[in-house]
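We count ligands from 1, going down the list as the structure has it; atoms in each ligand are counted the same way. Quick caveat: nothing in here was measured; it's all calculated off a predicted structure.
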Amino acid sequence: MEKTQSTGLLFEISHKGRRCHRLSPIDVPAKPVSSTLDKSYLASSTPPWPEVGEVDLVRHYVNLSTKNMSIDSNFYPLGSCTMKYNPKRHERLASLGGLANLHPLQEEKTCQGMLEILWEMQEFLGEIAGLDGVSLQPAAGAQGELTSLLVAAAYFRSRGEKRTKVLIPDSAHGTNPASAAIAGFDTVSIKSNSRGRVDLDDLASKVDGQTAVFMITNPNTLGLFDEQIVKITQLIHQAGGLVYLDGANMNAILGMTRPGDFGVDMMHYNVHKTFTGPHGGGGPGAGPIAVRAPLIPFLPSPIVKKEKDTFTLDYDRPQSIGRVHSFLGNMGILLRGYLYIRTLGPDGLKQVTENAVLNANYLLSLIYGAFDVPHGNRCMHEFVASARNLRRDKKISAMDIAKRLLDYGYHAPTVYFPLVVPEALMMEPTETESKETLENFAATLLKIKEESPELLQQAPHSLGISRPDEVRAAREPILRWKSN
Ligand SMILES: *Cc1c(COP(=O)(O)O)cnc(C)c1O
């Protein structure tokens, strides 16, 4: 293959003197940079920038982009991440000049439209949650968790209560204990029972006057709705604690039930998951939080306020924990989420949930029996299969199956999460996939299961990179190009 077609580095196709554009001749006296900048800021030599022509540059990036799996090119059943299709209509609306060209430092009276959208978004998210106040600031689910726990800490401080513990089920996402630790709490792990739900006896034995918050994901990361939730929230409230909902799985309950109605006091949304913000590759997110009335004074400032027909930013909130993001958060993602909610309306959102749950159950029914699914043949919007028997009998791991799926043009499911399932393969088809896509995917999984272990252990065979050393890539990343 020619160099320009490779997935190599731009540096490798560099030729001295090539340019994408040329500046017009200078028509003022030239000055050396050293006459305007202090010497301490100047490098001793020019950095080794790649020098390429425009056509080679464009081909480099276009070719690289086709090496990627994306929701626009491949089925992407990445459990927990809700990789649903991002409607292109919303991209077009979000790029309208009146929205896309706003400057965050504009005066409020010059951006009333955007403030109205954000105010309505606060109202919608409060209504969907069944909670009273909303902050749009957090940039992702994990930051929503941290922000909520800081709000909870401020709330207990204001009441003169010293509560040090955050209780978290063992099936939780790793961000839950991480957020609790960063917010200064001690974490206590709560066992799951054999049905994959919270073990009530274990919970009851660990709740006490030191309990600040119980964090729960419902439906949980096994794709199971914990129907004990009212009992659980009562148990926590009797001990004076607060209940936090990790809302990453809201796609399974939109319009069917509201966290506030089943006893939750605060929660985050992942707008990039539930409400179709494009995500993946660490792209932008939005993790707004919703809370019950007594917690509102502690929310980050500002909050969008409506007075008569005018929208303003309310900074006059003396008990607020302060900012967690510049300006109002990741508006581009919030805006796409708003457009999604407005496009579908209340009935449409309910249909999203119905179809997401139907699709997941259909996929589950197609592979159930062929694959080990430890928590039964019914699920919410996702389910977790296990390759533990395959590993034992044929030395085929969850990773081998995930890697082999790439050869067939599918993004892999989430693997090795949640931690409570060995050799986990966590599948979430979302509501936007057709029956045929699910059938083809299931047929591929069944086919892979019958392939030889040797073939699977070396997969993928069709991509530029097969099995990179992920640990070394994370621990010893090469961040500097060495020219020789
Ligand atoms: C995605 C996810 C998170 C973290 O959300 P981010 O937006 O990625 O920070 C937390 N909990 C669960 C269950 C998730 O799936």
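- Judged by the shortest distance from any of its heavy atoms, E145 lies inside the 4.0 Å radius around the atoms of ligand 1.
- The N/O atoms of H268, backbone and side chain alike, include none that comes under 3.5 Å of an N/O atom in ligand 1.
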Residue pair N86, T276: steps toward the side-chain hydrogen bond (donor to acceptor under 3.5 Å, both in side chains) verdict
CA-CA 5 Å; N86 318 122; T276 69; 5.2 Å; no

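- Legend: ring-ring contact (aromatic ring centres under 6.0 Å, His included) pairs involving residues 75-105, not counting sequence neighbours, sorted by first then second residue: F75-F441, Y76-H411.
- Atom 11 (N) of ligand 1 has as its closest protein heavy atom D246 OD2, 2.5 Å.
- Atom NZ of K350 sits in a sparse spot, with 12 or fewer heavy atoms from other residues, nucleotides or ligands closer than 6.0 Å.
- For the pairing with E423, the side-chain hydrogen bond (donor to acceptor under 3.5 Å, both in side chains) check across R392, R388, R391 returns one residue only, R391.
- At under 3.5 Å, a nitrogen or oxygen of A142, whether backbone or side chain, sits near a nitrogen or oxygen of ligand 1.
- Both the backbone and the side chain of S80 come within 4.0 Å of ligand 1, judged by heavy-atom distances.
- The main-chain N or O of A286 is found under 3.5 Å from a side-chain atom of H272 such that the two form a donor-acceptor pair.
- Of the protein's non-hydrogen atoms, H272 NE2, 4.3 Å is the one closest to atom 8 (O) of ligand 1.
- Residue pairs meeting the ring-ring contact (aromatic ring centres under 6.0 Å, His included) criterion with at least one member in residues 169-215, sequence neighbours excluded: H173-F417.
- Residues K403 and E470 are paired through a salt bridge, judged by an N-O separation under 4.0 Å between the basic side chain and the carboxylate.
- Remark: ligand 1 and A248 share no N or O pair separated by less than 3.5 Å (distance only, no angle test).
- Distances below 4.0 Å separate heavy atoms of K273 from the following atoms of ligand 1: 1 (C), 2 (C), 3 (C), 5 (O), 14 (C), 15 (O).
- Nearest protein heavy-atom neighbour of atom 5 (O) of ligand 1: N270 ND2, 2.9 Å.
- Of all protein heavy atoms, the one closest to atom 6 (P) of ligand 1 is G141 N, 3.4 Å.
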Full working for side-chain hydrogen bond (donor to acceptor under 3.5 Å, both in side chains) between Q210 and T164
CA-CA 6 Å; Q210 295 289 298; T164 53; 3.0 Å; yes

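- No N or O atom of T221 sits closer than 3.5 Å to an N or O atom of ligand 1.
- With a 4.0 Å cut-off on non-hydrogen atoms, Q143 does not touch ligand 1 at all.
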